[in-house]
Amino acid sequence: MAIKIEQPTLDSLILHDVRYALGRQTWVPGECCVRVRKFWISMSPNMRVIVARDVREYLDRMSHTGQSVRGCWIDLAGWMEDGR
């Protein structure tokens, strides 16, 4: 069964997913990164910029503090920067 979802709702769901998953040390970040890739093309251009910025800021913050980062975020950031 297909579910129709309005653009603002999709954008909000993905953004909330990313912001919740950043910094988690569970399986959640990996699944979140998969969802971002899956729905990237369906997200509004503005929301793509916001998600990419949030991920990049998280990576920068972790880098400056010397904290480890789950590889899925690094992979996703590179994927988004490649213009997906």
Which is it for L13 and F39 under the side chain to side chain contact (heavy atoms under 4.5 Å, CB included) test, yes or no, and what are the steps along the way? CA-CA 11 Å; L13 286 171; F39 294 108; over 6 Å; no
Residue set satisfying side chain to side chain contact (heavy atoms under 4.5 Å, CB included) with S63, at least two apart, ordered chain then number -> none
Starting from I74, can I reach V36 by hopping between I/L/V/M/F/W/Y residues whose side chains sit under 4.5 Å apart? yes
Between the CE atom in M62 and the CD atom in Q67, the distance rounded to the nearest 0.5 Å is 4.5 Å
Without swapping roles, check the side chain of T9 against the backbone of I5 for a donor-acceptor pair under 3.5 Å. no
Taken in chain and number order and not counting sequence neighbours, the residues that satisfy side-chain hydrogen bond (donor to acceptor under 3.5 Å, both in side chains) with S68 are none
Interatomic spacing from CD1 in I14 to NZ in K38 - rounded to 0.5 Å: 9.5 Å
Between W79 and V34, is there a shared hydrophobic cluster once you connect ILVMFWY residues whose side-chain heavy atoms come closer than 4.5 Å? no
Which residues share a side chain to side chain contact (heavy atoms under 4.5 Å, CB included) with Q25, sequence neighbours left out: R70
In a table with atom names and distances, give each donor-acceptor pair under 3.5 Å that connects a side chain of residues 26-33 to protein atoms at least two apart or in another chain.
{"from": "T26", "atom 1": "OG1", "to": "V28", "atom 2": "N", "distance (Å)": "3.2"}

Partners passing side chain to side chain contact (heavy atoms under 4.5 Å, CB included) against D60 (at least two apart in sequence or in another chain): R56, H64
Could you tell me which residues satisfy side chain to side chain contact (heavy atoms under 4.5 Å, CB included) with S44, sequence neighbours excluded, listed by chain and number? Q7, D11, N46, M47
Could you state the interatomic distance from CH2 (W73) to CG (L59), rounded to the nearest 0.5 Å? 9.0 Å
Using side-chain heavy atoms (C-beta onward) and a distance below 4.5 Å, is R37 in contact with D75? yes
Determine which pairs satisfy side-chain hydrogen bond (donor to acceptor under 3.5 Å, both in side chains) with at least one residue from residues 13-24, sequence neighbours left out, and list them in order. D17-R35, R19-D54
Hydrophobic cluster membership, with links at side-chain heavy-atom distances under 4.5 Å among I/L/V/M/F/W/Y: are V49 and L15 in one? no
Measure the shortest side-chain to side-chain distance between M80 and W40 over non-hydrogen atoms and say whether it is less than 4.5 angstrom. yes
In Å and rounded to the nearest 0.5 Å, what is the CG to CD distance from L76 to E81? 10.0 Å
